[in-house]
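A short write-up of the structure that comes next.
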There are 2 protein chains.
Amino acid sequence: MVSAILPLMADTHGPAEPSLEEQIAAYQREFQGLDPQVERVVSALSRLNRRMNVAYGRQTAELGISNAEWEVLKALVLAGEPYRLGPGDLARRLGLTPAAMTHRIDRMVAEGLVTRERDESNRVRVIVGITEEGRAKWLEGLRMATVFEEELLQDLSGDERAQLGAMLTRLLRRVEEAQPDAGGRLTDLD
Amino acid sequence: MVSAILPLMADTHGPAEPSLEEQIAAYQREFQGLDPQVERVVSALSRLNRRMNVAYGRQTAELGISNAEWEVLKALVLAGEPYRLGPGDLARRLGLTPAAMTHRIDRMVAEGLVTRERDESNRVRVIVGITEEGRAKWLEGLRMATVFEEELLQDLSGDERAQLGAMLTRLLRRVEEAQPDAGGRLTDLD
DNA sequence: GCTTCGAAGTTTAGGTCTGAAGTCTTCAAG
DNA sequence: CTTGAAGACTTCAGACCTAAACTTCGAAGC
């Protein structure tokens, strides 16, 4: 395993990334007819996600795993009893190719996070299960994530959280209709 | 350049990714004491972002470039006159390492999207500029993106869009305070 | 003026992903 | 029973990234 996921990048001085408002102003300047309202929503979504992934990456790094590995553990736990899935299933759920799944499982078996066995009733199939250690790391990662998430939302009242959740769900439904094929590389955690 | 960015993944039948509501229910089952309200917001954010990147990837693929390359073009345009930046600046703005920036610029120069010259007044520095073709592809990509984004938000009224933008901005401000060091690998577009 | 330090880019080694080409097993049809 | 086709996983080649070593130029101190 390779220690950290985070490009520290806290490099030097010099122009950093423009702020959201600066970016919107620049867009207005370079492309007339862009709706700032829409741009703000889309850009904020994207930036928020990036920051969240940085936060998750720091947390999983503390556990000695990567975001990608935590994702696999999550999929296994959320699958429910008996906490086992085939590589193909996992690949579909995580949105990556079977080839990538094979490699990822290789690493995770070597680290003792999951097990890999052949299905005796159908010897083409492979079954991936979670180990005690894997389950423990999943849980600890989740605990850290909830602390972060609570802090993230702390300025929003209960009503606001509900409204935000409802609006995001509506947007999600709309894209899912437009993109019925699942997909998308999953760099993210949820 | 490598054609497409999109794992088509529209593979076969078989269990796909669980729906958002299924996932929240599974979380409740496996981890008592998780706030579903928070979970919905966070998971919806993450899924939305993934879908958006898939959409952007399809659009940039139509232009024969990658999301990553479009990001570079965007940074150059948003920098404003004279539309030139050094590799270091670009790397900071895009949130990647200088080494990655060197390679990316190599490819983009070969494709005629940007130019690379030495700064004559300080021969350590390199200056990257955008070509006509690069600018045209940026613009066309932006046009496609705005169509998609307008469609994405079409169910929301003007008021709702404003509310959503305001709430997301508040969340963003909070994470930015907590993570003053810029950073984060940029897989995303905004 | 030389020397040394620091900043900017590039190069190199190694890791993880995609896409395409295998390999092996099962199942259904002849 | 045999054979062909489909499915599940793995292997291989290539793309793009990070981290770290290296190269070069410019600026400050003696």
What pairs of nitrogen or oxygen atoms, one from the protein and one from nucleotides 24-26 of chain D, lie under 3.5 Å apart?
unit_1	atom_1	unit_2	atom_2	d
D/dG26	OP1	B/Arg123	N	3.1

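Within 4.0 Å of A/Arg118, counting heavy atoms only, lies no atom of the nucleic acid at all.
Inspection of the A/Ser157 and A/Asp159 side chains reveals no N or O donor paired with an N or O acceptor under 3.5 Å.
Rounding to whole angstrom units, CD of residue B/Glu71 and P of D/dC17 are separated by 12 Å. Atoms CD1 (A/Ile105) and P (D/dT11) sit 12 Å apart, rounded to a whole Å. Between the CG atom of B/Asp106 and the C1' atom of D/dG14 there is a distance of 16 Å, given to the nearest Å. Protein atom CG of B/Asp119 is 12 Å distant from nucleotide atom P of C/dA8, rounded to whole Å. Remark: P of D/dA15 and CD of B/Glu111 are 12 Å apart, rounded to the nearest angstrom. Between the C1' atom of D/dC9 and the CE atom of A/Met101 lies a distance of 12 Å, rounded to the nearest Å. One atom, CD of B/Glu69, and another, C1' of D/dA15, lie 11 Å apart when rounded to the nearest Å. Summarising the geometry, the separation between CD1 on B/Ile127 and C1' on C/dA8 is reported as 12 Å, rounded to the nearest angstrom.
Between the side chain of B/Arg104 and the backbone N or O of B/Ala68, at least one donor-acceptor pair lies under 3.5 Å. Counting only distance, with no hydrogens or angles, the side chain of A/Arg40 and the backbone of A/Ile24 share no donor-acceptor pair below 3.5 Å. Checking side-chain atoms of A/Thr60 against main-chain N and O of A/Gly57 turns up a donor-acceptor pair under 3.5 Å. In this structure, B/Lys137 contributes its side chain and B/Leu63 its backbone to a donor-acceptor pair below 3.5 Å.
When the nucleotides C/dG19, D/dC9, C/dT10 are ranked by their closest atom to the side chain of A/Thr102, D/dC9 comes out on top. Comparing C/dT10, D/dT10, C/dT12 by their closest approach to the side chain of B/His103 singles out C/dT12. Of all nucleotides listed (C/dC17, C/dG9, D/dC17), D/dC17 comes nearest to the side chain of B/Leu96.
Taking 4.0 angstrom as the limit, B/Arg107 places a side-chain polar atom (N or O) nearer than this to OP1 or OP2 of D/dC17. Within the 4.0 Å cut-off from OP1 or OP2 of D/dC17, at least one side-chain nitrogen or oxygen of B/Arg104 is found. At least one side-chain nitrogen or oxygen of B/Arg116 sits closer than 4.0 Å to the OP1 or OP2 atom of C/dT10.
For A/Phe148, the ring pair (Phe, Tyr, Trp, His ring centres under 6.0 Å) partners at least two apart in sequence or on another chain are A/Tyr56.
Under the 30°/60° scheme for interplanar angles, the aromatic rings of A/Trp138 and B/Tyr27 are found to lie parallel.
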